[in-house]
Chemist: 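The structure is given below, and queries will be raised subsequently.
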Amino acid sequence: MRFLLDDEQREFARSLDALLTAADTPAVVRGWAAGDHAPGLTLWRRLADAGVFALAVPEAYGGVGPLPVETAVAFVELGRHGVPGPLVESVAAGVLLGGVGGPAAKEWLPRIASGTAVVSLALEGYGPYALDADVADAVLTVTGDELRLTRGAGGATGPGAPTSPGAATGPGVPTGPGVPTGPGGSTGRPAPTGPGAPTVSVDPARRLFPPEPGGEVVAAGPGVREAARAAGTWATFATAAQALGCGEALLRATVAYVKQRTQFGVPVGSFQAVKHRLADTLLGLEFARPLLYGAAVELADGAPGAGAAVAAAKVAAGEAGYAAARTALQLHGAVGYTEELDLAWWLRRARPLRDAWGTPSACRARVLAG
């Protein structure tokens with residue numbers, strides 16, 4: 001099977017790399033972790049303009065998808081640059097809403113594709129948390145055969161939005177004229193109150209919130225369960241691509257460092273043991289890459305074994321990315337622990353990406369089950 005990208009796909013990767021390099025993503029990540037979401041949401045809109053969030057949204061709703069190969073290309077770059085936010089969740093939400101259709105799809109899918117809405121997602125079987133729920137315009141939760149939607153107050157429309165005099169402006173608090181005030185208000189819906197405190201994560205830029213109880217039921221029935229299964233597969237797939245990109249960034253930074261760091265008057269990169277460690281790390285990443293793009297091909301073809309292929313890619317990419325983090329930390333030494341070094345943000349992200357949207361053991365079980 002041929003896994004080489006075509007010219008248009010390679011150009012898409014180059015354009016995203018240039019966009020994210022110019023955006024100074026390490027500063028964006030630091031701001032996001034500190035609660036300053038404005039730079040991250042500005043970058044979100046730029047990624048939407050580049051077509052990233054339209055890749056999984058059906059054409060009938062303003063997207064260009066589903067395009068799994070291009071999604072893999074995009075999320076490898078997003079992982080390599082460490083872009084924060086519910087990127088995976090918004091793409092998977094597009095798959096979920098596209099599968100159930102109805103008024104919710106008509107309302108939210110064009111906004112997801114255009115980047116004017118940030119959507120987070122929580123599905124049964126993938127952990128009880130929704131990423132960055134306090135920044136999202138909506139959080140989707142699937143329980144059994146019910147799809148519930150909780151409207152939030154954050155999202156891509158946040159920076160620069162008008163605020164009412166004296167209004168609270170903290171995370172999760174809606175601001176500005178026309179905000180609904182409950183039954184009988186401007187929209188007839190209760191005002192969103194925002195999620196509570198996030199659960200601590202290894203990666204400070206990954207803020208995990210338990211889904212709020214309640215929310216409006218926007219779809220119900222067996223079709224919801226099937227759409228949720230597809231959305232979970234896409235979330236696993238996009239996370240695998242992010243993990244691969246994260247591992248690539250860690251390996252690249254480590255190779256550059258061992259060329260500069262010296263011991264006994266020579267670069268440590270010239271030591272045989274260091275060469276072997278880096279070669280093993282590279283092999284892990286390169287073995288994961290064809291599994292990722294093979295899974296993309298199966299998703300594009302709608303193959304019955306696409307879920308197992310995605311799970312295999314997630315295991316390989318997640319483990320390779322985490323191995324790259326261990327290599328990076330060992331070869332950087334104590335400096336790798338310091339928060340002043342940008343590398344620390346990638347080191348902290350590798351382990352959560354390995355486990356998010358399918359732990360290694362869960363993915364291995366899915367592969368064995370076929």
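Bear in mind that the values here come from a model prediction, so they are computed numbers and not experimental data. Numbers for residues simply follow the sequence, beginning at 1. What you see below is based on every heavy atom in this structure, not just the backbone, and it leaves out hydrogens, waters and symmetry mates.
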Chemist: Check whether L140 and V91 end up in the same hydrophobic cluster, where Ile, Leu, Val, Met, Phe, Trp and Tyr are linked by side-chain heavy atoms less than 4.5 Å apart.
Modeler: yes
Chemist: Short question: side chain of R207, backbone of P198 - any donor-acceptor pair under 3.5 Å?
Modeler: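 Not a single qualifying donor-acceptor pair exists.
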Chemist: Decide yes or no for L55 and V64: does some side-chain heavy atom of the first lie under 4.5 Å from some side-chain heavy atom of the second?
Modeler: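 Result yes, sub-4.5 Å side-chain heavy-atom pair found.
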Chemist: Walk me through it: do E216 and V218 pass the test side chain to side chain contact (heavy atoms under 4.5 Å, CB included)?
Modeler: CA-CA 6 Å; E216 58 181 308; V218 297; 3.9 Å; yes
Chemist: Let me confirm one number: the CD-CG distance from E77 to L20, rounded to the nearest 0.5 Å.
Modeler: 7.0 Å
Chemist: State, to 0.1 Å, how close T236 and C363 come at their nearest heavy-atom pair, and which atoms those are.
Modeler: CG2-SG, 4.4 Å
Chemist: If you round to the nearest 0.5 Å, how far is CG of L347 from CG of L341?
Modeler: 8.0 Å
Chemist: For Y126, check ring pair (Phe, Tyr, Trp, His ring centres under 6.0 Å) against everything at least two apart and list the hits.
Modeler: W357
Chemist: Any chance you could lay out the salt bridge (Lys or Arg N to Asp or Glu O under 4.0 Å) test for R148 and E146, step after step, and finish with the verdict?
Modeler: CA-CA 6 Å; R148 292 181 176 269; E146 284 190 344; 3.1 Å; yes
Chemist: Flag the pair F237 / K314 as yes when at least one side-chain heavy-atom distance between them is below 4.5 Å, and no otherwise.
Modeler: no
Chemist: Indicate yes or no: at least one non-hydrogen side-chain atom of P204 is less than 4.5 angstrom from one of W345.
Modeler: yes
Chemist: T338 vs V335, test: side chain to side chain contact (heavy atoms under 4.5 Å, CB included). Steps then yes/no.
Modeler: CA-CA 6 Å; T338 62; V335 71; 4.1 Å; yes
Chemist: Going only through I, L, V, M, F, W and Y residues with side-chain contacts under 4.5 Å, is there a path from V217 to L147?
Modeler: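 No, because V217 and L147 fall into different hydrophobic clusters, even though each may have its own neighbours under 4.5 Å.
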Chemist: Looking at every heavy atom in both A48 and G115, which two are closest together, and how far apart are they?
Modeler: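 Nearest heavy atoms, A48 then G115: CB-CA, 3.4 Å.
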Chemist: Which residues, ordered by chain and number, are linked to F287 in its hydrophobic cluster, where ILVMFWY side chains connect at heavy-atom gaps below 4.5 Å, directly or through other members?
Modeler: L283
Chemist: Treat each ILVMFWY residue as a node, draw an edge where side-chain heavy atoms are under 4.5 Å apart, and state whether V258 and V266 are in one component.
Modeler: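 Yes; tracing contacts between hydrophobic side chains, which count when under 4.5 Å, links both residues.
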Chemist: Working to the nearest 0.5 Å, report the span between CZ of R229 and CG of L123.
Modeler: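 That separation rounds to 11.5 Å.
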Chemist: Below 6.0 angstrom between ring centroids: does that apply to W108 and Y61?
Modeler: no
Chemist: Let me confirm one number: the CG-OG1 distance from D280 to T327, rounded to the nearest 0.5 Å.
Modeler: 8.0 Å
Chemist: Do the side-chain N and O atoms of R30 and T25 include a donor-acceptor pair separated by under 3.5 angstrom?
Modeler: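 No, no side-chain donor-acceptor contact under 3.5 Å.
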Chemist: With no hydrogens and no angle check, is any side-chain donor or acceptor of D6 less than 3.5 Å from a backbone partner on E8?
Modeler: yes
Chemist: Is a donor from one side chain sitting under 3.5 angstrom from an acceptor on the other, for D17 and H81?
Modeler: yes
Chemist: Any non-hydrogen side-chain atom of Y129 less than 4.5 Å from a side-chain atom of P211?
Modeler: no
Chemist: Rounded to the nearest 0.5 Å, what separation is found between the CG atom of L251 and the CG atom of L278?
Modeler: 6.5 Å
Chemist: I would like to know whether E339 and R348 meet side chain to side chain contact (heavy atoms under 4.5 Å, CB included); could you show each step before the answer?
Modeler: CA-CA 10 Å; E339 290 192 2; R348 293 180 175 187; 3.0 Å; yes
Chemist: Between G214 and T150, what is the shortest heavy-atom contact and its length?
Modeler: O-OG1, 4.3 Å
Chemist: Do L353 and L78 sit in the same hydrophobic cluster, where Ile, Leu, Val, Met, Phe, Trp and Tyr count as joined when their side-chain heavy atoms come under 4.5 Å apart?
Modeler: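 Cluster IDs for L353 and L78 differ.
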Chemist: Would you mind reporting whether V274 and R277 have side-chain heavy atoms less than 4.5 Å apart?
Modeler: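 Counting from C-beta outward, R277 and V274 never come under 4.5 Å.
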Chemist: For a 4.5 angstrom cut-off between non-hydrogen side-chain atoms, does L16 reach L47?
Modeler: yes
Chemist: Got a sec, which residues hit side chain to side chain donor-acceptor pair (under 3.5 Å) with R351, two or more places apart in sequence or on another chain?
Modeler: Y322, D355
Chemist: Using only atom types and a distance under 3.5 Å, with no angle test, would you say the side chain of S15 pairs donor to acceptor with the backbone of F12?
Modeler: yes
Chemist: Once rounded to the nearest 0.5 Å, what's the spacing between atom CH2 of W346 and atom OG1 of T254?
Modeler: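 Between atom CH2 of W346 and atom OG1 of T254 there are 12.5 Å.
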Chemist: Sequence neighbours excluded, which residues qualify as side chain to side chain donor-acceptor pair (under 3.5 Å) partners of D145?
Modeler: R225
Chemist: Regarding R151 and D137, does a basic nitrogen lie under 4.0 Å from an acidic carboxylate oxygen?
Modeler: no
Chemist: Could you walk me through whether V57 and V95 pass the side chain to side chain contact (heavy atoms under 4.5 Å, CB included) check?
Modeler: CA-CA 6 Å; V57 174; V95 174; over 6 Å; no
Chemist: Would you please name every residue forming a side chain to side chain donor-acceptor pair (under 3.5 Å) with R14, sequence neighbours left out?
Modeler: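 Expected list: E11.
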Chemist: What I want to find out is whether R46 reaches D49 closely enough, with some N-O distance under 4.0 Å, to be called a salt bridge.
Modeler: no
Chemist: Within the structure provided, determine whether D132 and S120 are in side-chain contact (heavy-atom separation under 4.5 Å).
Modeler: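 SC-SC contact between D132 and S120 ruled out.
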Chemist: For S114, give me all partners under side-chain contact (heavy atoms from CB on, under 4.5 Å), at least two apart in sequence or on another chain.
Modeler: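 Checked S114 against side-chain contact (heavy atoms from CB on, under 4.5 Å); matches are T116.
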Chemist: Evaluate the side-chain proximity of P360 to R354: yes if any heavy-atom separation is below 4.5 Å, no if none is.
Modeler: yes
Chemist: Which heavy atom of W234 sits nearest to which heavy atom of A56, and what is that distance?
Modeler: CZ3-CB, 3.9 Å
Chemist: What are the two closest heavy atoms between V224 and L96, and how far apart are they?
Modeler: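 Looking at all heavy atoms of both residues, the closest pair is O-CD1, 4.4 Å.
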Chemist: In terms of hydrophobic clustering (I, L, V, M, F, W, Y; side-chain heavy atoms under 4.5 Å; direct or indirect links), are L331 and V255 co-clustered?
Modeler: yes
Chemist: If you compare all heavy atoms of L285 against all heavy atoms of G321, which two are closest, and at what distance to 0.1 Å?
Modeler: CD2-N, 4.2 Å
Chemist: Hey, what's the ring geometry for F53 with W44, parallel, tilted or perpendicular (30° and 60° as the breaks)?
Modeler: parallel
Chemist: May I have the step-by-step check of side chain to side chain donor-acceptor pair (under 3.5 Å) for R349 and S201, ending in yes or no?
Modeler: CA-CA 9 Å; R349 182 157 297 182; S201 171; over 6 Å; no
